[in-house]
Structure formats: structure tokens, C-alpha cells
Amino acid sequence: MDSARVLQVHPLGRCNLSCLHCYSSSGPAVTEELETGLLLGAIQDAAQEGYNVLAVSGGEPLLYRELSQLIECARNLGMTATVTTNGTLLNARRLKSLRGLDLLAISLDGTPDSHDRMRGRGSFLQMARRLEQVRAAGLPFGFIFTLTMQNLSELEWIARFALDQGAALLQVHPLELAGRGRQMSEHRPDEEELQWAVVEAARLQTVVGPSVVIHVDALPAGGLRDIGDCEYQSLPFAFLLHPLIIESDGTVVPAEHGFDRRWKLGSLYDRSLAVSIQQFRAERLGAFRKQIVAGALTDAAAAGVRFVNWHEALTRRAREVAVSAPNA
Amino acid sequence: MTSERGSDKLQHLKKAEISESQLDRLAGFANEEGIELVDWLVRGIPAVDWLEGSFHVRPNAVGDLINRLVAEGAVRQIVVFPYGIPAVDLVEVRFASGR
Ligand code: SF4
């Protein structure tokens, strides 16, 4: 099985929306933007290390002028390319620049009212009225739903909407407590709610049929294990640490946007991704594995949960652990 | 937003039962060629009230496995997740049953 080993890139912090739960604290006034040359180099390095998916996020990636170059670069390297967008800025010109994309993921946070509450008035309509053009362009697309403690009951509405619109994917992503999302801690779905989400998603899968794949970003806790020492030595880096995140200030971190800086691999402005990976692998991967991965596995086992939001578990563990990392 | 759980509004999630013999049959699928049981969790022994699991299956065996899972009746939720882009070479079939 060739699993997805994701390089997640945030080329800019700017966005036309300012959603309440935005984990990257993006908005119209944010100016941070990565140089295209640096990103293209990083994508090449990542492909060399075994990453096989480029996921471009933001800010709003449609505002990044050289987006098509990133997609083309990834495709030429044999990677799958995806873009996550709020969908409100999709037009014929931008859709043309997305040619070759494997998946356009559009954010959708519930019924129109709920969506607008999170993302600002009118944002549902602005997004929904672009969908016809997306279909006409023949781009495979899906929706990403941010699961909170309160909104699982809206998943059925979304699943049916996704089916009606011709979406190929409905991804259920638990709210991340990073960026502005940090203000929403009481809305974070707990493990019990995550479990219900898995079950509800499975039920809805039978309702909508196979044309829309419903996927919950949660792993069965019983299936989690650390890989052995031998594999650690021999496997390409992408198998050991994914997703790898490049934030809009050039910082490279594991797992999730906003991951504890004590575990950053480096910055694209200081050194290439290849060098950062090499150094991290030689000097700190062992400690990461022991302190963060093993710790998160122990936490999950101790909590006795069935499903784990694994990336969040790593993020939480990294925050909790007192680390004696070289670049702490 | 209210502080009520979203799942509290989903009464259809709070029913369904599974018998011991159904449990055995489901586990038995895993012994067949091309089907690997990768995850299996049961709660409520001896009276099983929750079961979930997943199989890894070759693409050409998926339809048959799903039909058999559905025929078990108590398996109310099934999700099929293909791996391998663009050529699907392995399919994960997850299922859940019970409260
Ligand atoms: S969540 Fe997405 S659409 Fe909303 S502000 Fe953040 S980057 Fe923009």
C-alpha cells in the first residue's frame, strides 16, 4: 500500500476571510508570503525524501500568484497535488491555473447559517455559487468540515450537500486549538465526540454511497504502534515524519501548523529543506520519537480511547513535554 | 453555539445490538484469503454492545465483503476507504455496530 506522505505548505498568511477558528490566524491584513523559489526547492527536496502528496493551504492559496507553479512542480515530480480553499474566490481564471490538480478541498463548516457564523456573513453563498464552475472545469473536489463539540448533527446535511454537488470527498477534521482556534477550547470535540463522528460518518457513507468518500481525521487507537528501530534506520524520512508542515514564515515543523517551535526542523530562509531534514534525522529524530511519539502513544493507551486525533495528540504532547532540544 | 454535544441530537446512533454468533462470523472473515483484519474492538463482554473494526481487502474482494457484512444485519455502519492514488491497490473496509 502506498500511503499518503504529505508535505503541507502554507505559502502565505493572507486571506480574504477571517474565520473564528482559523488555526493559522490568517486574514486580509496578514502580509507574510513565502518566496516561490524557496518553495519550489523545498518541494523537490521533499519528493527526494519520499513525500508523495503536496497539500497547499493558507491563508487563502488562491491569492498566491505562483500557485500554478507549485502544482506543476509537484505533478512533474510524480506527487499528488491538492489545494485547500475557502472557495469564495474561485473564478474561471483561477480554475484554469489549477489545471492538473488532483483535489480541490473546499472548506464547509455546516449548514449555511453555521458556516456563516464561523466564516462571516454571506461566505456560504459566495462559495456555493462557484461550485458550478468547479464542476464545469472538471476538477475533482471535496469538502472539509471542521468538527466541533456541537456540530456533528450537521454532518448529514453536509454529506447530502456534498453528494448533490458532485463532490468526491468529505473530510471531517476536528477543530485545531491553534491560532484563533485557541480561543475556542470549549468547542474542541473530545474523544467521545470523535468516536461518534467516526460512527456517524460510517453510517452516512452508506447513505450517500461510494461516490463521496467520507473520511474522519481520526485513527483507531487499537491500531497505533511505533515502528521498530530497524525500520527507523532504513526508511526514507517521509515515512517517519508526516505530514511535514511549511508555514508562511518559512518555519518547518512536524504534524500540525503551529507545532511547538522546540521541534522545528528549521527555516527555509536559513537552510534548504534537505539540510534541515538531514540534521533533524541525525540529531533529533530519536528524541522526537521517544518523547513525543512514544509519549502520545502512552497517553492514548492510558486514556483508553478508541479513536485518536493523532496529529493533535502529538501537538498536545509536544506542548506538555519539557524538552531539552538543541535549538530550544 | 450551545454547549450541547452534537452527537446528543443523533438518536439513531444509540441503538443496535449484536449477538455472539454474529461476532464470531465477522471475525471469521479475517481468515479468508485476501482479507486482513487490521483492527477489532469489542466492548461489553459478555453482552456485546459495541463492535468496530476494519479489514484490509484487495479491491476485487470489496463488494463481496460488504455484501456479507450487510447480510449480518447488525452491522449498521460501513465505510470504504481506498488507498493508492490513482490506482487503488488496497481498500480498507471499516465497520461499526451497536451502541
Ligand atoms: S480558516 Fe481558511 S478561509 Fe478562514 S481565515 Fe483561515 S485561511 Fe482563511
Side-chain angles (χ1 to χ4, degrees), chain A residues 1-4 20 52-53 79-82 102-103 110 113-114 117-118 140 147-156 168-169 184 186-187 189-190 192-210 213-216 218-224 304-307, chain B residues 1-16 36-44 49-59 62-63 66-67 69-70 72-99:
Chain A
M1 174 179 70
D2 198 19
S3 58
L20 290 178
N52 60 2
V53 178
M79 296 170 89
T80 296
T82 72
D102 294 281
L103 183 80
D113 280 353
S114 302
R117 239 188 334 264
M118 284 282 214
L147 178 74
T148 69
M149 187 69 154
Q150 291 82 20
N151 67 6
L152 181 60
S153 51
E154 299 191 14
L155 189 58
E156 176 155 3
L169 174 75
M184 301 184 68
E186 75 277 22
H187 298 288
D190 62 8
E192 184 185 337
E193 200 61 9
L194 202 58
Q195 176 186 308
W196 286 123
V198 172
V199 175
E200 175 67 348
R203 181 187 75 85
L204 288 170
Q205 188 70 69
T206 62
V207 172
V208 298
V213 172
I214 306 179
H215 175 77
V216 183
L219 293 175
L224 288 174
V305 294
R306 292 195 184 78
F307 291 94
Chain B
M1 284 182 210
T2 71
S3 57
E4 192 188 356
R5 273 177 187 278
S7 60
D8 286 345
K9 298 173 202 144
L10 301 174
Q11 287 311 310
H12 54 262
L13 290 184
K14 322 252 163 157
K15 50 186 185 211
E36 185 197 354
L37 184 66
V38 288
D39 191 25
W40 180 256
L41 292 154
V42 179
R43 190 186 71 188
D49 64 356
W50 174 275
L51 165 71
E52 65 196 31
S54 51
F55 294 104
H56 279 176
V57 196
R58 280 182 285 103
V62 172
I66 289 177
N67 283 339
L69 287 172
V70 170
E72 285 302 325
V75 180
R76 306 273 171 109
Q77 300 99 18
I78 297 175
V79 60
V80 176
F81 198 82
Y83 286 107
I85 298 169
V88 175
D89 50 11
L90 184 91
V91 179
E92 183 164 314
V93 177
R94 299 177 199 158
F95 64 93
S97 171
R99 151 90 241 234

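- Atom CG of A:L147 and atom OG of B:S7 lie 9.5 Å apart (nearest 0.5 Å).
- Between the CD atom in A:Q150 and the NZ atom in B:K9 there is a gap of 7.5 Å [rounded to 0.5 Å].
- For A:E154, there are no salt bridge (Lys or Arg N to Asp or Glu O under 4.0 Å) partners, not counting sequence neighbours.
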| task | Decide yes or no on side chain to side chain contact (heavy atoms under 4.5 Å, CB included) for B:R5 and A:E193, but give the supporting numbers first. | result | CA-CA 8 Å; B:R5 273 177 187 278; A:E193 200 61 9; 2.9 Å; yes

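- Scanning all heavy atoms of the two residues, the minimum distance from A:S153 to B:G6 falls at CB-O, 3.6 Å.
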